[in-house]
Amino acid sequence: VSGTVRRIAILGSTGSIGTQTLEIVERFAEDFEVVGLAAGRNIELLIQQAKQFRPSRVSVTREEDLQPVRDGLSDLRCDVSTDARDVACSDADLVVAAFAGGAGLQPVLAALERGADVALANKEVLVMAGEYALSLARCRGARIVPVDSELVAIHQCLAGQQRQALRRVVLTGSGGPFRTAKPAQLATATPRDALAHPNWEMGAKITIDSATLMNKGFEVIEARWLFDLEPGQIEVLIHPESVVHSLVEYVDGSWLAQLGIPDMRVPISYALGMPDRFPLPDLPPLDLAALGSLHFEEPDLGRFPALRLAREALETGGTAPAMLSAVNEVAVEAFLDNRIPFTAIPTLVEAVLEAQPVRSGLDLEEILSSAREARDRAVSWIEERFR
Ligand SMILES: NC(=O)c1ccc[n+]([C@@H]2O[C@H](COP(=O)([O-])OP(=O)(O)OC[C@H]3O[C@@H](n4cnc5c(N)ncnc54)[C@H](OP(=O)(O)O)[C@@H]3O)[C@@H](O)[C@H]2O)c1
């Protein structure tokens with residue numbers, strides 16, 4: 001759009017955010033050069049993407065996938081590795097962080113270390129190491145721009161306004177598939193029930209996080225670091241239609257909100273193009289008259305304790321949010337494998353956060369070792385109770 005070609009690398013190119021990012025890149029091909037793609041295990045799709053976008057580096061997670069990918073890409077001049085940091089450290093100006101979970105932390109830090117801008121979907125990075133990542137970005141002159149629709153909404157509502165006039169931000173959330181479920185239904189919810197999100201099609205982990213409301217808690221932590229807010233300035237409202245993506249209130253009582261259809265291609269294109277906007281004329285328009293009404297309600301912390309736990313971890317600070325993210329990841333995996341019930345996810349998170357001492361979290365090694373310890377504790381907790 002602006003006439004300069006942006007060199008981009010995508011961490012998690014085979015996932016929900018990754019494939020939608022490539023869709024935008026394909027539409028506006030003259031604005032982008034794809035220099036790196038990092039996948040996990042879906043090497044078939046990675047090979048197909050690499051043939052189309054011709055990056056100079058790709059990565060996979062498993063050693064046994066190296067040779068098949070090298071063979072698949074033998075016509076291209078493309079380095080293949082098992083370390084996503086190699087992709088993050090390509091010559092990209094912008095690294096799109098779209099891994100799911102803590103696996104994205106080190107590659108994102110490697111990108112920031114190099115001074116590359118990061119378009120961040122992988123919220124767990126800021127949950128685990130928000131203060132560390134932001135100070136690294138400042139030091140290296142790198143920007144972290146959000147991709148998450150709620151955070152992109154806040155970004156737009158803050159743009160051009162006086163910062164001292166800000167009263168608070170309000171993150172909206174659909175409430176997920178169990179918004180109206182009774183406690184007894186939550187106790188027997190299956191992965192299939194929890195994966196049936198009413199408004200958004202996303203990867204499995206974030207879909208479960210949306211069902212527990214942990215995802216909203218993660219966004220509170222993400223917002224705290226991205227926009228340098230006090231935790232008390234960040235509120236959450238449940239909004240089942242997912243049309244108002246978030247809101248900001250100013251000291252004079254004025255509210256600004258950002259609205260749009262629930263389609264991640266819109267916030268992704270904002271993050272890729274900023275300050276330009278890419279025209280997306282073929283997306284369905286937002287038809288407010290057809291919708292007729294929009295609804296808002298307080299989140300129910302009784303049925304969804306994960307949101308409270310995330311807030312408490314933010315208040316506690318130090319390594320508590322890194323532990324929160326690490327335990328939650330183990331719990332979500334176990335739930336998806338039918339090893340623990342849905343309601344055990346927050347119970348497990350709370351048990352580990354209560355048991356494990358919190359450290360200052362200023363140093364990366366401390367963050368990583370606290371997260372490892374929390375994972376180990378979570379694994380033992382599951383083994384003891386659900387063997
Ligand atoms: N999807 C959304 O609409 C949405 C909205 C807002 C924020 N986000 C955030 O964006 C991030 C990505 O979400 P998503 O929905 O795109 O997830 P997803 O569909 O599960 O995709 C995850 C991507 O990361 C790759 N990956 C590589 N190593 C991995 C590892 N060790 N563990 C897990 N994944 C690994 C996966 O590779 P393979 O598939 O090749 O294995 C895949 O490309 C998450 O942090 C999520 O919270 C997503």
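Being a predicted model, the structure only gives us computed values, none of them experimental.
Sorted by first and then second residue, the side chain to side chain donor-acceptor pair (under 3.5 Å) pairs with a member in residues 96-117 read Glu113-Arg140; sequence neighbours excluded. A side chain to side chain donor-acceptor pair (under 3.5 Å) check over residues 88-101, counting only residues at least two apart or in different chains, returns the pairs Arg7-Asp93. Legend: salt bridge (Lys or Arg N to Asp or Glu O under 4.0 Å) pairs involving residues 67-78, not counting sequence neighbours: none detected. Within the structure, the ring pair (Phe, Tyr, Trp, His ring centres under 6.0 Å) test picks out the following pairs touching residues 120-160 (sequence neighbours left out): His155-Tyr270. Legend: salt bridge (Lys or Arg N to Asp or Glu O under 4.0 Å) pairs involving residues 203-215, not counting sequence neighbours, sorted by first then second residue: Glu124-Lys205, Lys205-Asp209.
Shown here are the ring-ring contact (aromatic ring centres under 6.0 Å, His included) partners of Phe218, two or more places apart in sequence or in another chain: there are none. Residues forming a ring-ring contact (aromatic ring centres under 6.0 Å, His included) with Phe227 (at least two apart in sequence, or on another chain): none. Take Asp282 and apply the side chain to side chain donor-acceptor pair (under 3.5 Å) test, not counting sequence neighbours, and it matches Arg27. When the ring-ring contact (aromatic ring centres under 6.0 Å, His included) test is applied to Phe386, no partner is found at least two apart in sequence or on another chain. Taking Phe32 as the reference, Phe278 meet the ring-ring contact (aromatic ring centres under 6.0 Å, His included) condition, with sequence neighbours excluded.
Of all heavy-atom pairs spanning Thr172 and Lys216, the tightest one is O-NZ, 2.8 Å. Shown here for Ala310 and Gly217, the closest heavy-atom pair between the two residues is CB-CA, 3.4 Å. Between Val118 and Ala97 the shortest heavy-atom distance is CG1-CB, 4.1 Å. The heavy-atom pair separating Ala92 from Ile8 by the smallest distance is CB-C, 4.0 Å. Of all heavy-atom pairs between Leu291 and Glu241, the closest is CD2-CG, 4.4 Å. Closest heavy-atom contact between Tyr250 and Leu158: OH-CA, 3.6 Å.
Contact check for Glu350 versus Arg308: side-chain heavy atoms found under the 4.5 Å cut-off. Under the 4.5 Å side-chain criterion, counting only non-hydrogen atoms from C-beta, Val125 is not in contact with Trp225. In this structure, Leu314 and Leu324 have side chains that are not in contact, with every pair of non-hydrogen atoms separated by 4.5 Å or more. Side chains of Ile221 and Leu126 form no contact here, defined as non-hydrogen atoms less than 4.5 Å apart. Contact check for Val243 versus Leu288: side-chain heavy atoms found under the 4.5 Å cut-off. For the pair Glu366/Ser360, a side-chain contact is recorded, criterion being any heavy-atom separation below 4.5 Å from C-beta on. Two residues are said to be in side-chain contact when any heavy atoms from C-beta on lie closer than 4.5 Å; Met323 and Val358 meet this criterion. Using a 4.5 Å heavy-atom cutoff, the side chains of Asp193 and Thr188 are not in contact.
At least one donor-acceptor pair under 3.5 Å links the side chain of Gln356 to the backbone N or O of Ser370. Side chain of Glu329 to main chain of Gly102: a donor-acceptor pair is present (N/O by atom type, distance under 3.5 Å, no hydrogens or angles). When atom types are taken as modelled, the side chain of Ser59 and the backbone of Ser81 share no donor-acceptor pair closer than 3.5 angstrom. One N or O on the side chain of His239 and one on the backbone of His295 form a donor-acceptor pair closer than 3.5 Å. Asp83 places a side-chain N or O within 3.5 Å of a backbone atom of Arg85 that can act as its donor or acceptor partner. At least one donor-acceptor pair closer than 3.5 Å links the side chain of Gln20 to the backbone N or O of Ser16. When atom types are taken as modelled, the side chain of Asn122 and the backbone of Leu105 share no donor-acceptor pair closer than 3.5 angstrom. Using a distance-only test at 3.5 Å, with no hydrogens or angles considered, a donor-acceptor pair links the side chain of Arg303 to the main chain of Arg179.
Counting heavy atoms of neighbouring residues, nucleotides and ligands inside a 6.0 Å radius, atom CZ of Arg163 exceeds 12 of them. Applying the 6.0 Å contact sphere to CD of Gln67 captures more than 12 heavy atoms from other residues, nucleotides or ligands. Around atom CD of Glu131, no more than 12 heavy atoms belonging to other residues, nucleotides or ligands sit under 6.0 Å away. Counting heavy atoms of neighbouring residues, nucleotides and ligands inside a 6.0 Å radius, atom CD of Glu365 exceeds 12 of them. Within 6.0 Å of CZ on Arg54 lie no more than 12 heavy atoms contributed by other residues, nucleotides or ligands. Annotation for Gln162: atom CD does not count as buried by contact number, only 12 or fewer foreign heavy atoms lying within 6.0 Å. Applying the 6.0 Å contact sphere to CD of Gln164 captures more than 12 heavy atoms from other residues, nucleotides or ligands.
When hydrophobic clusters are built by joining Ile, Leu, Val, Met, Phe, Trp and Tyr residues whose side-chain heavy atoms come closer than 4.5 Å, directly or via intermediates, Leu171 is not grouped with Val244. A single hydrophobic cluster is not seen to contain both Ile144 and Leu94; linkage of ILVMFWY side chains at heavy-atom distances under 4.5 Å, directly or through other members, places them apart. Linking ILVMFWY residues whenever their side-chain heavy atoms come closer than 4.5 Å, directly or via other members, places Leu186 and Leu301 in the same cluster. No continuous path of ILVMFWY side-chain contacts below 4.5 Å connects Val147 to Leu11, so the two sit in separate hydrophobic clusters.
The CD1 atom of Ile17 lies 7.0 Å from the CD1 atom of Ile206; values are rounded to the nearest 0.5 Å. Residue Asp300 holds its CG atom at 9.0 Å from CG of Leu213, rounded to the nearest 0.5 Å. We find the CE-OG distance between Met214 and Ser325 to be 8.5 Å, quoted to the nearest 0.5 Å. Taking OG1 of Thr61 as the reference point, atom CG of Leu66 lies at 10.0 Å (rounded to 0.5 Å). Annotation: the span from Arg385 atom CZ to Ser380 atom OG amounts to 10.0 Å, rounded to 0.5 Å. The CG atom of Leu307 lies 7.5 Å from the CD1 atom of Ile238; values are rounded to the nearest 0.5 Å.
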CA sep, side-chain torsions, deciding dist, call: Leu247, Leu256, side chain to side chain contact (heavy atoms under 4.5 Å, CB included) = CA-CA 6 Å; Leu247 314 93; Leu256 297 184; over 6 Å; no
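Side-chain atoms of Asp252 and Ser254 include a donor-acceptor pair closer than 3.5 Å.
The aromatic rings of Trp200 and His245 are tilted relative to each other, their planes meeting at an angle between 30° and 60°.
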What donor-acceptor contacts under 3.5 angstrom involve side-chain atoms of residues 39-49, with partners at least two apart or in another chain?
unit_1: Asn42; atom_1: OD1; unit_2: Leu45; atom_2: N; d: 3.2
unit_1: Gln49; atom_1: OE1; unit_2: Ser13; atom_2: OG; d: 2.8
unit_1: Gln49; atom_1: NE2; unit_2: Ser13; atom_2: O; d: 2.9

Taking only distance into account, with no hydrogens and no angle test, what donor-acceptor pairs under 3.5 Å do side-chain atoms of residues 259-268 form with protein atoms, sequence neighbours excluded?
unit_1: Asp263; atom_1: OD1; unit_2: Arg265; atom_2: N; d: 2.9
unit_1: Asp263; atom_1: OD1; unit_2: Arg265; atom_2: NE; d: 3.0
unit_1: Asp263; atom_1: OD2; unit_2: Arg265; atom_2: NE; d: 3.4
unit_1: Asp263; atom_1: OD2; unit_2: Arg265; atom_2: NH2; d: 2.7
unit_1: Arg265; atom_1: NH1; unit_2: Glu23; atom_2: OE2; d: 2.7

